[in-house]
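Residue numbers run from 1 in the order of the sequence given.
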Amino acid sequence: MRIIVLYSGNYGERVLNNILTKFAPNIISVYEFEENLPEYIEDIENYVPDNLPECDLLVVTGLHGDINLVTCKIANKTGAKSVIIESHSQKQLPFGIRSEITESLLNVKCVFPKPFCSLKPVGDIYIDEFVKYFGAPKIEIIGEKFIKSVIVHRNAPCGSTKYIAENLTGYPLNEAEIESGNKLHNYPCLASMEFDNEFSDTILHLAGYKIKEAVKKSLGFSNMVLNVNSNCNGVECGFKCYNICPVVKMGEKAVEIIDKTAKINYLYCGLCMKCIRECPFNAIISLKYS
C-alpha cells in the first residue's frame, strides 16, 4: 500500500510521527502546508505540489478551511483509491467542504473521522489496512484487581492510546475507566474544547468517550451505567435521548430503540448525561457500582 500524507501544524506533525511507526515503508511522500493559510482560497491549484507519485491512500491531517480542497487535486493526479481526512475542531472541515470533496471524488472512498480516534473499518481495502493499527482505540487490560499491563491493539492516530496504556499500570481495575479519561487530558489531547453543533458536544469529549469505550470493552464492566425505567415513552417524545446523544451521532449504538423503548448500552455510553437532562419522563437514572 502506497500512502501520501498531507499535514499541517502541531497536530498533523504528531499524527505523522505516530503513523510512521507502523507505515514508514509505505509512506512514499509527505507534504506540509503552512498553518496560517487563508480560510478561503481562490485558486487551490497554486498549492498542489509538483511531481506527485502514484498512491493508494491519502491521509490528510491538521489542514483547516479551503486548503482541504487540495485533496481533490492531489487524489486525481496520484490516482488515489481512498482518502482519510480527519478533523479535530468544528471550523477545520465545514460540511460544505466535505460535500465538495465527496462530489469531486465520486470514484474514491472518502471518510471524514471527527475526531481521528473515531475511525473504524469501512469495508475499503486501504482504509481498513490503516485501521488495523490506527483509529478507534482497541486495548487489552491484563490484571485481576490491579492493572498489570495494557496491550494496545489499535492506537489513536495521535498516539494517545499508547501513552494512556503505559500510564494505567498499577491502578485498580475499577478506576481504569475514569483514569483513562484523565490520562487523555494529560497527554494532552489536542482536539477542540469548543462546542461542536454536529455532535452536540466538544470534540475533546468525543475522544474521551472513545478511550473509555475501549477500556469498558476490555474489562466488560463500567462503574456507572444509565438505566431506562418503565416511565419511558419514547414514541411520544420522539426519543430525545437518541437524538441528543453525541456517541450515537458518531455512529455507535449508545442508545438503541427496542420495542418502542430506549435502551442505553453502557459499553458505548460516554456518561455525558445529556439524555437524563432531555428526558421529559424522568425515565433515565444512573446506577453506580463499586
Side-chain angles (χ1 to χ4, degrees), residues 1-9 11-12 15-16 18-20 22-33 37-136 154 156-158 196 198-199 203 249-252:
M1 178 169 69
R2 300 162 299 175
I3 303 173
I4 292 177
V5 178
L6 315 178
Y7 81 98
S8 180
Y11 183 91
V15 170
L16 171 62
N18 197 44
I19 64 178
L20 277 168
K22 292 292 185 181
F23 287 110
N26 303 90
I27 297 177
I28 57 174
S29 288
V30 174
Y31 300 100
E32 181 181 8
F33 294 85
L37 292 173
E39 184 176 355
Y40 302 103
I41 298 174
E42 289 188 12
D43 190 356
I44 203 71
E45 193 73 45
N46 293 332
Y47 296 90
V48 179
D50 296 324
N51 303 317
L52 288 162
E54 292 186 0
C55 77
D56 303 303
L57 174 66
L58 280 180
V59 177
V60 185
T61 176
L63 274 60
H64 286 72
D66 277 5
I67 191 59
N68 282 285
L69 295 172
V70 79
T71 305
C72 303
K73 302 290 185 180
I74 294 176
N76 287 328
K77 289 179 180 292
T78 61
K81 315 297 189 304
S82 310
V83 173
I84 301 171
I85 309 180
E86 69 80 29
S87 56
H88 53 277
S89 68
Q90 182 174 1
K91 298 178 180 179
Q92 184 181 349
L93 189 63
F95 179 78
I97 293 179
R98 296 204 306 263
S99 297
E100 188 170 345
I101 292 171
T102 302
E103 292 171 4
S104 298
L105 300 176
L106 290 176
N107 297 320
V108 177
K109 179 63 177 179
C110 298
V111 294
F112 304 93
K114 183 166 68 168
F116 210 165
C117 56
S118 67
L119 179 65
K120 299 186 298 181
V122 294
D124 176 86
I125 183 173
Y126 300 114
I127 293 174
D128 289 0
E129 181 64 25
F130 183 88
V131 178
K132 284 182 181 179
Y133 304 99
F134 301 105
R154 185 190 298 129
C158 69
D196 188 288
E198 184 177 357
F199 292 96
I203 302 177
K249 293 178 180 182
M250 273 199 291
E252 303 291 2

Does any N or O in the side chain of Asn18 come within less than 3.5 Å of the main-chain N or O of Ala156, such that one atom is a donor and the other an acceptor?
yes
Is the side chain of Asn26 donor-acceptor paired with the backbone N or O of Met1 at a distance under 3.5 Å, no angle test?
yes
Applying side-chain contact (heavy atoms from CB on, under 4.5 Å), name anything that partners Ser118, two or more places apart in sequence or on another chain.
Pro113, Pro115, Met250
Here the gap from Phe116 atom CZ to Ile203 atom CD1, rounded to the nearest 0.5 Å, amounts to 13.5 Å
Restricting to ring pair (Phe, Tyr, Trp, His ring centres under 6.0 Å), what partner residues turn up for Tyr133, sequence neighbours left out?
Phe23
Does this structure show an ion pair linking Arg98 with Glu103, if we count only N-O contacts that are shorter than 4.0 Å?
no
Does Leu20 CG have over 12 foreign heavy atoms under 6.0 Å away?
yes
For the residue pair Ala75 and Leu105, what are the closest heavy atoms and their distance?
CB-CD2, 3.9 Å
Considering non-hydrogen atoms only, spot the tightest contact between Val108 and Lys81 and give its length.
CG1-O, 3.3 Å
Where Arg154 and Val131 come nearest, the two heavy atoms and their spacing:
NE-O, 2.7 Å
Does some side-chain heavy atom of Ile4 sit less than 4.5 Å from a side-chain heavy atom of Tyr31?
yes
Determine whether Lys114 and Asp196 satisfy the following criterion, salt bridge (Lys or Arg N to Asp or Glu O under 4.0 Å), listing intermediate values before the conclusion.
CA-CA 10 Å; Lys114 183 166 68 168; Asp196 188 288; 2.9 Å; yes
Of the non-hydrogen atoms in Asp128 and Gly123, which two are nearest, and what is the gap between them?
OD2-N, 3.0 Å
Interatomic spacing from OG in Ser104 to CD1 in Ile97 - rounded to 0.5 Å:
11.5 Å
Is it true that Tyr11 and His88 have ring centroids separated by less than 6.0 Å?
yes
Heavy-atom pair with the smallest gap, counting every atom of Gly12 and Tyr7:
C-CD1, 3.7 Å
Quick one: side chains of residues 53-74, donor-acceptor pairs under 3.5 Å with protein atoms, not counting sequence neighbours, listed by atom name and distance.
from  : atom 1 : to    : atom 2 : distance (Å)
Asp56 : OD1    : Arg2  : NH2    : 3.1
Asp56 : OD2    : Arg2  : N      : 2.8
Asp56 : OD2    : Arg2  : NE     : 3.2
Thr61 : OG1    : Glu86 : OE2    : 3.3
His64 : ND1    : Gly62 : O      : 3.0
Asp66 : OD2    : Ile41 : N      : 2.9
Asn68 : ND2    : Leu63 : O      : 3.4
Asn68 : ND2    : Gly65 : O      : 3.0
Asn68 : ND2    : Gln92 : O      : 3.2
Thr71 : OG1    : Asn68 : O      : 2.8

Evaluate whether atom CG of Asn107 has more than 12 neighbouring non-hydrogen atoms of other residues, nucleotides or ligands under 6.0 angstrom away.
no
As an exercise, state the distance from CD1 of Ile127 to NZ of Lys132, rounded to the nearest 0.5 Å.
14.0 Å
side-chain contact (heavy atoms from CB on, under 4.5 Å) between Tyr126 and Ile84, intermediate numbers included
CA-CA 10 Å; Tyr126 300 114; Ile84 301 171; over 6 Å; no
For Phe33 against Ser8, the heavy-atom pair lying closest together
O-OG, 2.9 Å
Please step through ring-ring contact (aromatic ring centres under 6.0 Å, His included) for the pair Phe134 and Phe130, ending with a clear verdict.
CA-CA 6 Å; Phe134 301 105; Phe130 183 88; 5.8 Å; yes
Less than 4.0 angstrom from a charged side-chain N to a carboxylate O is my criterion; do Lys91 and Glu39 meet it?
no
Could you measure the distance from the OG atom of Ser29 to the CG atom of Leu6? Nearest 0.5 Å is fine.
10.0 Å
Verify side-chain contact (heavy atoms from CB on, under 4.5 Å) between Val83 and Ile85, making sure each step is shown before the conclusion.
CA-CA 6 Å; Val83 173; Ile85 309 180; 3.5 Å; yes
